[in-house]
Participant: 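Pasting a structure here, questions to come.
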Amino acid sequence: AASSVRQRVGEGMQGPQDASWFASFSDDESTFDPDASDSAASSAPAVPALDSGGLAGVSDVDLVKPSEWFQESRSGGPHAAWQTFYPAVPGLHPDGPAPPPWRKDATRPGYAQAFARGTVSIHSGEPLNKDAEWFDDSVAQYDSFGRARAPSDASARFYVGWQERRRNTTLTCATPGCMANATLKVVDVKKELHHGCVLSIAVHPTDFADEFSREVVEWFTANEEIVSKGCNPKQSGCNAVESAQLFPCAADVLVDDMLANNGSLALAGKLSPMVDECPVDGNLLSAVVTVRCLVSQRPKREDPPAPRPWPVSTPAPPTETRFNATLRCKEPGCEARAEIALAPPNDDASCILSISLQQTDFDGKLGDVEGVSEEVEWVKINGTEVKSHARPGRNPCKEAVKQGANATAVAAAAAAAAQSPFLLVSGQDVTHEARRGPFNVSVKISVMVDECGTPEGDLLHATAVVVCSSNTSAAAERAVGAGHGGGGSNATAGAAPDEAAKTDGDGQPLPTLRPL
């Protein structure tokens with residue numbers, strides 16, 4: 001603006017100048033438009049509006065398009081009719097005044113419509129009849145359809161459909177040099193959008209008549225940022241008329257960023273110690289804080305529909321063969337044996353053995369006798385040892401006695417132990433044995449296992465399960481689950497509360513067991 005003034009002065013221009021010559025707005029009243037002071041949009045070179053048929057031209061498909069070709073104007077929707085850059089609409093009166101030009105926006109991406117200013121002619125021979133825009137710049141902002149110039153986001157007109165909200169509170173304190181605090185909730189940032197929020201503070205004159213400016217409000221802050229400093233109304237409120245007035249200390253301070261975190265303002269104000277008389281309603285500091293905002297509900301975000309899965313063929317479930325066998329005996333140190341007879345598995349199948357054991361008298365070593373223990377001495381397949389010295393670790397009967405149970409409850413505890421068996425063998429591959437025909441599985445307990453038998457009187461009671469499947473992991477899982485459940489029951493894993501029931505004979509964690 002300064003360079004244009006120097007240029008015009010250098011040209012020897014005389015007479016009255018229009019408001020734009022002074023880089024000012026001519027009608028700073030009801031027709032004021034913030035876009036009028038946007039020098040970036042006004043100084044950029046104008047670009048022609050695009051013909052609405054230009055995008056459909058088949059002959060232009062192979063040509064490189066300028067950036068303007070991709071520009072699409074923002075719409076005011078059902079709330080307002082704005083002029084458009086694309087699609088451009090020819091005017092009804094071609095000889096009438098042209099609408100405001102479109103210019104590349106230097107501060108924001110895209111294009112903005114410049115504010116059209118009226119001009120004041122300085123020629124003495126100018127006709128006396130004047131166009132409407134000569135009297136008021138706002139007239140030049142409309143096209144022949146009556147559509148207003150498209151606003152930028154600096155203008156309140158841009159926020160069509162938003163509501164204006166006002167919130168206020170007071171800051172008061174009663175002693176010389178006091179400090180007042182208050183919190184003002186303006187918006188709910190989780191549910192609402194806000195724009196153009198401005199804060200104003202006004203005080204009632206109390207004791208501010210000191211000509212040496214020592215009777216002042218030292219400062220006002222919002223969210224710990226100073227918004228006013230050294231405010232001095234230079235009036236005394238010792239009479240009712242003056243004390244009822246309000247003196248502005250801060251006006252239209254932009255607080256959008258201060259509200260971005262939680263939508264609230266932490267307000268504070270401090271008097272100088274010299275303010276010590278003429279209180280208003282008992283307060284030496286009596287201030288009114290007002291915040292004005294444009295507010296809109298946040299648009300609801302809807303999750304996009306889940307993509308439709310690509311059709312795939314479902315493979316046929318693997319064939320599966322299983323065999324259950326019970327191993328049981330009633331004497332201390334006894335051995336139980338069972339024959340596993342399976343149909344020969346397929347060439348791609350794997351066979352997995354699992355053995356679960358019902359807890360009887362397996363709670364540990366006896367006294368200080370080395371090598372004497374209540375344990376499963378070994379597990380063998382076709383005479384080959386696959387497990388030795390497994391210690392299940394529990395005696396349900398002793399556990400019940402320690403809790404003060406009677407004989408009936410002790411017997412019930414022994415019966416309940418069947419619902420939380422110990423996994424003696426897990427994931428043992430017996431594919432080779434199954435292909436060769438029936439094979440034997442045997443289990444032996446130590447001689448010290450001599451009490452707390454099952455309701456059937458068994459000191460050793462185990463269930464062996466073999467599952468053959470073309471899916472090796474599924475076979476292992478089903479073998480474990482079936483063995484744990486006692487040959488097809490729906491017993492679930494993790495029923496035993498103690499650590500012994502959660503580990504195998506080597507102290508290793510048990511896998512997750514699932515019912516069949």
Side-chain angles (χ1 to χ4, degrees), residues 18-20 23-57 60 65-121 129-164 193 195-196 294-297 299:
D18 62 24
S20 62
S24 179
F25 187 74
S26 60
D27 299 310
D28 196 3
E29 296 179 1
S30 61
T31 58
F32 174 73
D33 192 325
D35 290 342
S37 58
D38 189 352
S39 58
S42 299
S43 60
V47 294
L50 294 179
D51 184 353
S52 59
L55 296 182
D60 295 337
K65 304 298 183 184
S67 60
E68 297 87 356
W69 191 86
F70 299 93
Q71 176 69 20
E72 184 172 351
S73 306
R74 183 182 292 271
S75 168
H79 304 283
W82 296 340
Q83 297 172 41
T84 54
F85 179 78
Y86 175 81
V89 181
L92 291 177
H93 305 286
D95 297 332
W102 291 86
R103 305 179 189 274
K104 194 165 186 177
D105 198 325
T107 59
R108 308 174 186 88
Y111 293 81
Q113 195 170 17
F115 185 85
R117 299 180 182 275
T119 58
V120 178
S121 174
N129 57 318
K130 308 293 184 183
D131 293 329
E133 57 267 22
W134 189 90
F135 297 93
D136 192 337
D137 285 342
S138 64
V139 177
Q141 314 310 314
Y142 294 86
D143 65 6
S144 56
F145 293 98
R147 297 183 303 172
R149 178 185 54 80
S152 74
D153 58 5
S155 171
R157 291 197 301 116
F158 182 86
Y159 300 91
V160 290
W162 292 45
Q163 303 295 321
E164 183 176 271
L193 301 171
H195 172 77
L294 289 175
V295 178
S296 175
Q297 292 295 314

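Keep in mind the model is a prediction, meaning the values are calculated, not measured. In this chain, numbering begins with 1 at the start of the sequence shown.
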Participant: Please find the pair of heavy atoms, one from R157 and one from P151, that lie closest to each other, and give the distance.
Facilitator: NH2-CB, 3.7 Å
Participant: Check ring-ring contact (aromatic ring centres under 6.0 Å, His included) between Y159 and all other residues, then give those that pass, not counting sequence neighbours.
Facilitator: W162, H195
Participant: Would you say that Q113 contacts Q141 through its side chain, given a criterion of any heavy-atom pair below 4.5 Å between the two side chains?
Facilitator: no
Participant: Which residues satisfy the side chain to side chain contact (heavy atoms under 4.5 Å, CB included) test with A80, sequence neighbours excluded?
Facilitator: W82, V160
Participant: Taking only residues two or more places apart in sequence or in another chain, which ones pass side chain to side chain contact (heavy atoms under 4.5 Å, CB included) with Q163?
Facilitator: none
Participant: Would you say the side chain of L193 lies within less than 4.5 Å of the side chain of P299, judging by non-hydrogen atoms?
Facilitator: yes
Participant: Just verifying a value: how many Å separate Y142 OH and R147 CZ, rounded to the nearest 0.5 Å?
Facilitator: 13.0 Å
Participant: What are the two closest non-hydrogen atoms of A114 and R149, and how far apart are they?
Facilitator: O-CD, 3.1 Å
